[in-house]
Novice: 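I have a structure here, written as structure tokens, and I will follow up with some questions on it.
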Amino acid sequence: MTDESAKDKVAGKAKEAMGKMTGNKRMESEGKADQAKGKAKGAMGEAQQRAEGVKDSLHRDDKD
């Protein structure tokens, strides 16, 4: 998980909680959306790391 994705998740959770406390449905929804954005960024980062690992392993096989 990247720092940016974690930041989005934490900020979204806080925004959602503030929206619930104040009865602001829009803020609550924005918080949920921010959390989803953070999860998506995290998933993309993990996929990129896996792809780089596969690429590296393929390059190592070529040199053997």
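Note that the coordinates shown come from a computational prediction; the quantities given were computed from them, not determined experimentally.
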Novice: Looking only at heavy atoms, what is the nearest atom pair of Ser5 and Lys41, with distance?
Specialist: CB-CB, 3.8 Å
Novice: Hey, what do you get for CD (Gln35) to NZ (Lys37), rounding to the nearest 0.5 Å?
Specialist: 12.0 Å
Novice: Could you grab the distance from atom CE of Met27 to atom CE of Met21, nearest 0.5 Å is fine?
Specialist: 9.5 Å
Novice: Just how far is it from atom NZ of Lys13 to atom NZ of Lys32, taken to the nearest 0.5 Å?
Specialist: 9.0 Å
